[in-house]
Amino acid sequence: MVYFSPTFQRGSRFSALLRERDLWCRLAGFRHRSTQTAHQLPGMEYQDAICTLNTLQTNASALEQVRLERNQPQQQLQAMEGFLERAGLTVEELNRLNIIHVTGTKGKGSTCAFTEKILRSYGFRTGFYSSPHLVQVRERIRINGQPIGKDIFTKYFWQIYGRLEESKQTYGGTMPAYFRFLTILAFHVFLQEKVDVAVIEVGIGGAYDCTNIIRKPWVCGVSSLGIDHTQILGDTIEKIAWQKGGIFKPGVPAFTVKQPEGAMAVLRDRAKEIKCPLWVCPDLGDYQTDGTPFHLGLAGKHQHSNASLALQLSNSWLKKRCSPDKSLPAVHRESIKVHQAPSFRVSSEMVMGLADTEWPGRNQTLKSGKVAYFLDGAHTVRSMQACVDWFQVTAAQHERNASGPVTRVLLFNATGDRDSAAMLKLLVPCHFDFAVFCPNITEVIASCSADQQNFNVSVENMLTRCMDNERSWRLHNCGGDKEGAELLIEERLQPVPETQVDTLVFPCILSALQWITQGRDPVLADPDKQVLAVKPNIRAKAAILREAAEIHVLITGSLHLVGGVLKHLNPKYSN
């Protein structure tokens, strides 16, 4: 993967855009191909669009300024509305999307996935906007459950980018940042493709998130709350709950799962202030079925609350769409209580939707050769505890079916302001034979996908974070620290001390996976996949991996890490 900072000047016309695109794509290792379609400029293909999209990422030196700007959050929402209008859209047009708006700390993506699948089971044409993407950017914008095609992404990308580029000199040269642009693009796609419903996942927070330019959603949801993004949202559950409750709208029903007492009190106050009826979802077991228990397509007990929230959101939406005269009982606006949402008899479409939901990278298990991969993008302390609970049960089931001894390996990375030391401490009881750390760099060659490029942090900072994580793991497991964590690659750094056998640091995801699997996964054993040679003393320490009947790998700590792994394990993500 190639990392570099956008330091060049961009012109205001498309001639400058063309020069810019060529420069970025040459730097990223892409060959320029010139084709023409009826919907875009000559030569503007998918990878050209992604290269240009990446110019909208905020570089590391500007991140602090972004945080300072959040001291004037209302101006940020006004700026988003201005970008929307420059792109040829209006806030009023968004009302036609019949939006379901969902926020939360843990489980908001899974809740959206359940909700979207339920409504699709009824035959509705669905739009689904989520973040981040695992492998390709277009995963963020889905029609009927599938990422939009490269041709569709490319067509609409250049429509929106062109309008913003042509108008930017009139507005002081400003362009929307990466997430803002993708949010505008998603709205545009859903309007053009005439979806019946748009399920919109909040990016960060709620009150001042750019998705909150939505004024008239049909229903809102708040999944489980916890501590995350503290530099932006605040360092207490109450401050975070205030931000999340900012998506409430007057008279629009909102649902939440059971929350910590302090968080629930804040949500109650926010609902009263905004005049929004707020309901707490019942337990999944309280719904009436034909007598058979629910089967959820997403593993883990923590998915039960997400499924209940999805049932309430979809039921509320269906009532407004199909039976507008039937609604939840009225809630007195002066009430200070949080009301219990009534359970109901679940339709066959709802049962099928919950069972058929797929959401890659969350409590996902893959088997290839003699290697089993357990993937979960948990990146908070609470979500990591849920990951541990799921892994211990699921891995034990796989080990009982193994033909002999199993070696357990942890592959971990964490980014941003996450408390990686606390997350690693939760993983200690899983009793891994090895803990492997690497940055969210897919591979150390320039030809990797531009979809996974990140300019917000330097390679040096990423590797330093890996070293810190490695040190935390050894402290938790050994009660002491040993100097000398190194990248385990020939001729890069000094040899790793012979006594250090349980923790390893690699420079990219591919090198880590190839060492862990030791040629026992046919997908990773492809000779065309180039990787730097591992030092001989480290190869010798892999004997336990080569001799085991099976290798079980938990990949967690970051959705970006999980996405990089999936890119190597599943060929469909490379198409």
Side-chain angles (χ1 to χ4, degrees), residues 110 113 134 284 292-304 306-307 352 354-378 383-412 424 426-436 473 477 501-502 504 509-510 512-526 541-557 559 561-573:
S110 299
L134 291 176
L284 189 61
T292 59
F294 284 111
H295 172 72
L296 302 183
L298 305 183
K301 290 183 178 180
H302 60 284
Q303 295 293 356
H304 292 191
N306 299 330
M352 181 174 63
L354 292 178
D356 293 344
T357 298
E358 297 179 352
W359 197 223
R362 289 80 171 176
N363 301 134
Q364 181 182 10
T365 303
L366 296 174
K367 188 78 180 291
S368 182
K370 294 296 184 180
V371 185
Y373 302 92
F374 304 87
L375 303 104
D376 188 70
S383 60
M384 186 58 71
Q385 183 60 63
C387 171
V388 168
D389 294 341
W390 162 75
F391 174 73
Q392 288 184 317
V393 172
T394 307
Q397 292 172 345
H398 280 73
E399 288 176 9
R400 283 194 293 269
N401 297 324
S403 58
V406 171
T407 297
R408 281 189 178 186
V409 182
L410 169 66
L411 178 57
F412 181 91
L424 287 167
L426 292 174
L427 288 161
V428 171
C430 294
H431 302 295
F432 295 101
D433 297 288
F434 288 100
V436 177
W473 179 260
N477 280 269
V501 298
D502 61 341
L504 309 173
I509 294 171
L510 180 58
L513 287 174
Q514 290 192 332
W515 185 85
I516 291 169
T517 57
Q518 290 294 304
R520 306 185 70 183
D521 181 345
V523 175
L524 294 172
D526 184 350
K541 292 175 181 177
I544 186 176
L545 295 166
R546 293 189 292 270
E547 295 168 0
E550 291 185 8
I551 302 169
H552 290 178
V553 191
L554 174 63
I555 300 104
T556 191
L559 273 170
L561 173 66
V562 168
V565 170
L566 284 173
K567 180 180 184 294
H568 290 302
L569 299 183
N570 195 332
K572 79 174 185 178
Y573 286 110

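Keep in mind that the numbers below use all heavy atoms, side chains included, and drop hydrogens, waters and symmetry copies.
I516 contributes atom CD1, which lies 8.5 Å from atom CG of L504 (distance to the nearest 0.5 angstrom). For the atom pair OH of Y373 and CG of L569, the computed distance is 5.0 Å after rounding to the nearest 0.5 Å. Rounding to the nearest 0.5 Å places CD of Q518 at 11.5 Å from CD1 of I544. Interatomic distance, CG of D376 versus CG of N363, reported as 4.5 Å (0.5 Å rounding). To the nearest 0.5 Å, atom CG of residue L513 and atom CD1 of residue I555 are 6.5 Å apart. Here the OG-CZ distance, from S383 to R362, works out to 11.0 Å after rounding to the nearest 0.5 Å.
You'll find the side chain of Q364 reaches within 4.5 Å of the side chain of L566, heavy atoms only. Using a 4.5 Å cut-off on side-chain heavy atoms (C-beta onward), T365 and H398 make contact. Residues L427 and F391 form no side-chain contact, since every pair of their non-hydrogen atoms from C-beta on lies 4.5 Å or further apart. Residues I551 and F434 are not in side-chain contact: their nearest non-hydrogen atoms beyond the backbone lie 4.5 Å or more apart. Residues V409 and T407 are in side-chain contact: their nearest non-hydrogen atoms beyond the backbone lie under 4.5 Å apart. The closest side-chain heavy-atom distance from L410 to L424 is below 4.5 Å. Contact annotation: the side chain of L524 never approaches that of V371 to less than 4.5 Å [non-hydrogen atoms, C-beta and beyond]. Considering only heavy atoms from C-beta on, Q392 comes within 4.5 Å of P429 through its side chain.
L559 and G361 make their closest contact through CD2-O, 4.1 Å (heavy atoms, listed as atom of the first residue, atom of the second, distance). Nearest heavy atoms, A512 versus V436: CB-CG1, 3.9 Å. The nearest pair of heavy atoms linking T556 to C387 is OG1-SG, 3.8 Å. When all heavy atoms are compared, the tightest approach of L284 to L296 is CD2-CD1, 4.2 Å. Taking all atoms of both residues into account, the shortest heavy-atom contact from N306 to S110 is ND2-CB, 3.9 Å.
Side-chain atoms of Q397 and N401 include no donor-acceptor pair closer than 3.5 Å. With no hydrogens or angles considered, no side-chain donor-acceptor pair links H302 and D389 at under 3.5 Å.
Here the rule is salt bridge (Lys or Arg N to Asp or Glu O under 4.0 Å) with E550, and of K367, R520, R400 only K367 fits it.
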Worksheet item: Could you go step by step and tell me if D521 and S368 meet the side chain to side chain donor-acceptor pair (under 3.5 Å) rule?
Response: CA-CA 6 Å; D521 181 345; S368 182; 2.5 Å; yes

Next item on the list: In sequence, state the C-alpha distance, the side-chain angles, and the governing distance for F432 and F412, and then conclude on ring-ring contact (aromatic ring centres under 6.0 Å, His included).
Entry: CA-CA 12 Å; F432 295 101; F412 181 91; over 10 Å; no

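Note on ring orientation: taking the six-membered ring where Trp is involved, the planes of W390 and F374 are perpendicular (angle over 60°, cut-offs 30° and 60°).
Taking the salt bridge (charged side-chain N to carboxylate O under 4.0 Å, His left out) definition, one finds that E399 meets it with R408, sequence neighbours left out. Listed by chain and residue number, K117, M352 satisfy the side chain to side chain contact (heavy atoms under 4.5 Å, CB included) test with D356 (two or more places apart in sequence, or in another chain).
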